[in-house]
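Take a look at the structure set out below.
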Amino acid sequence: MTQHVPAALPDRIRHYIDGAFVDSVDGDTFDVLDPVSNETYVQAAAGKQADIDLAVAAAKRAFDEGPWPRLLPRERSRIMHRVADAVEAQDARLAELESFDTGLPITQALGQAKRAAENFRFFADLIVAQHDDTYKVPGRQLNYVNRKPIGVAGLITPWNTPFMLESWKLAPALATGNTVVLKPAEFTPLSASLWADIFRDAGVPDGVFNLVNGLGEDAGDALVKHPDVPLISFTGESSTGQLIFANAAPFLKGLSMELGGKSPAVVFADADLDDALDATVFGVFSLNGERCTAGSRILVERSVYDDFVERYAERARNIVVGHPNDPATEVGALVHPEHYEKVMGYVEIGKTEGRLVAGGGRPEGFPTGNYVAPTVFADVPPTARIFQEEIFGPVVAITPFDSDEEALALANDTKYGLAAYIWTNDLKRAHTFSQNVQAGMVWLNSNNVRDLRTPFGGVKASGLGHEGGYRSIDFYTDQQAVHITLNQAHSPRFGTGVPLQAAH
Ligand SMILES: NC(=O)c1ccc[n+]([C@@H]2O[C@H](COP(=O)([O-])OP(=O)(O)OC[C@H]3O[C@@H](n4cnc5c(N)ncnc54)[C@H](O)[C@@H]3O)[C@@H](O)[C@H]2O)c1
Ligand SMILES: O=C/C=C/C=C(/O)C(=O)O
């Protein structure tokens, strides 16, 4: 298959430290592959401890001495809006680079680029609307919250929708006045460098945004263990999250973790089945199935089960697999051969655990590249690995249930708890299920539609803490309590002989 290569690929991907693109201190690089040819298309600087040290020092200087944390919120807001404008203005180019680097279908990559712009716009508006609490004790005391940026935020991001997920952290971290060191995923470093020009042109001072590329165990690890980085916001696998948690423990760092998922989509017989079908097909096959909130376990009430499975399999067989750059493509190429092997491994395991009704290997006509046919397994028992483990590809497990209780038990029967999708027209059942399902986010009769004001995060192995809206502002700021006494008459007077009355 002929490969579409975007114009103006860089000759090398570098770090961006203190306002300049630089190579690694030791000159080391790593290969970056494109997912269609699986050939190395560029070398990226492989950051290590020394590069992280330089980036953190620049970020710390910009925080301690620079204007950024001291700007008025509306001044930072104006700059953040310019960032959003710049992302929007080049969203087609961004989508092209992102699709080339990740294998995501170009139309979906474009949607993600637009989301990145929206994240900046949202936090630009939120910081000017931000107000903090005041607590009055009339005549005696006034207490207020003094919200302050924290310092250098370490941002560690995954490869599935890189630019958008970077924006998710960069926007609130910067809008609140912190400085940052971003460590993007090593599979997909291409788009992260674009932030450097975007921020500079928008008026973000040097040293506020720093980028260090490299492997997780080198650059990522050094960032997590750096004493001058009080905050780590991480999105990635649950097992990596556990390691980061342990490595950050001696420093008592602030941690926010968006981790893996195996989210259930529960379809009751009374649901609008056409809508449920649309949403559950999109829910696992969009973004190539490489989506943290994918509804990758579909639980279907027995009375509509056979019909649903048949229609679902038919839809999956009709999904257009194609070159990521083709606007008709619905599922592109998986990000990397290692990930392709992992997903194909699960497809083989699935054949021993469930009934294959669609896909099951390479799609016809794609002899090379990381292509996996949209794959559907029915009759999957909850003990199956493909029911329990995150596959992060275009593979879904469908399981029947007979009662609300059984549906709930199945929904909760994994270590994860990121999202849940529920399809029913029975209000009482919908809300009772929502109360009891172990998931950070529930969508009722709804696709995965985000409202940026709502909390985003998982329970159990799917995460720690929440970001989104004011929760992001809380994570990226310290809330200092300031107490002012207005009337000293009520203060204790030690050593004066005046008897104390129940002093604190
Ligand atoms: N909950 C969410 O919001 C969300 C969103 C997107 C992706 N994800 C999850 O991310 C995973 C896929 O991404 P991935 O494979 O890139 O995850 P990953 O955990 O392998 O890597 C994520 C990032 O962590 C870095 N890293 C790896 N080891 C590290 C270490 N020891 N110290 C510091 N950093 C380290 C990597 O270099 C990368 O930048 C899936 O599990 C998916 O569900 C979750
Ligand atoms: O894949 C990770 C994160 C996705 C966040 C979303 O809002 C989404 O599900 O698209």
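All ligand and atom numbering here is 1-based and tracks the order in the structure.
By the side-chain hydrogen bond (donor to acceptor under 3.5 Å, both in side chains) test, Glu258 pairs with no residue at all, sequence neighbours left out.
Below 3.5 Å of separation, one finds an N or O of Asn160 facing an N or O of ligand 2. By the 3.5 Å distance cut-off applied to N or O atoms, Glu290 is not counted among the residues near ligand 2.
At a 4.0 Å heavy-atom cut-off, ligand 2 does not touch Leu287 at all. Of all the heavy atoms of Phe392, none lies under 4.0 Å from any atom of ligand 2, so neither backbone nor side chain is involved.
Within 6.0 Å of the CZ atom in Arg450, the count of heavy atoms belonging to other residues, nucleotides or ligands exceeds 12. A 6.0 Å sphere centred on CZ of Phe251 holds more than 12 heavy atoms belonging to other residues, nucleotides or ligands.
The salt bridge (Lys or Arg N to Asp or Glu O under 4.0 Å) test with Lys48 is passed by exactly one of Asp23, Asp218, Asp26: Asp26.
Between Phe377 and Val395 there is a side-chain heavy-atom pair separated by less than 4.5 Å.
When hydrogens are left out, the protein atom nearest atom 4 (C) of ligand 2 is Cys292 SG, 3.4 Å; that is the closest non-hydrogen contact. In terms of protein heavy atoms, atom 9 (O) of ligand 2 is closest to Thr293 OG1, 2.4 Å. For atom 10 (O) of ligand 2, the nearest non-hydrogen atom of the protein is Arg291 NH1, 2.5 Å. For atom 6 (C) of ligand 2, the closest non-hydrogen atom of the protein is Arg115 NH2, 3.2 Å.
Of the N and O atoms on the side chains of Lys169 and Ser233, at least one donor lies less than 3.5 Å from an acceptor on the other residue. No hydrogens or angles considered: a donor-acceptor pair under 3.5 Å links the side chains of Asn247 and Asp221. Using modelled atom types, one finds no donor on one side chain facing an acceptor on the other under 3.5 Å when comparing His323 with Thr329. Side-chain polar atoms of Glu467 and Trp168 form no donor-acceptor pair below 3.5 angstrom.
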- Go through Arg200 and Asp206 one step at a time and tell me if the salt bridge (charged side-chain N to carboxylate O under 4.0 Å, His left out) criterion holds. CA-CA 7 Å; Arg200 194 201 47 231; Asp206 290 350; over 6 Å; no
Output block, N or O contacts of ligand 1, threshold 3.5 Å exclusive:
unit_1	atom_1	unit_2	atom_2	d
ligand 1	1 (N)	Leu259	N	3.3
ligand 1	1 (N)	Leu259	O	2.7
ligand 1	10 (O)	Gly236	O	3.4
ligand 1	15 (O)	Trp159	NE1	2.8
ligand 1	16 (O)	Trp159	NE1	3.1
ligand 1	17 (O)	Glu237	N	3.4
ligand 1	19 (O)	Glu237	N	2.9
ligand 1	19 (O)	Thr240	OG1	2.6
ligand 1	37 (O)	Lys183	NZ	2.7
ligand 1	37 (O)	Glu186	OE1	2.5
ligand 1	37 (O)	Gly216	N	3.3
ligand 1	39 (O)	Thr157	O	2.8
ligand 1	39 (O)	Lys183	NZ	3.1
ligand 1	41 (O)	Glu390	OE1	2.6
ligand 1	43 (O)	Glu390	OE1	3.4
ligand 1	43 (O)	Glu390	OE2	2.5

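Atom numbering of ligand 2 starts at 1 in the shown order; those under 4.0 Å from a heavy atom of Arg450 are 7 (O).
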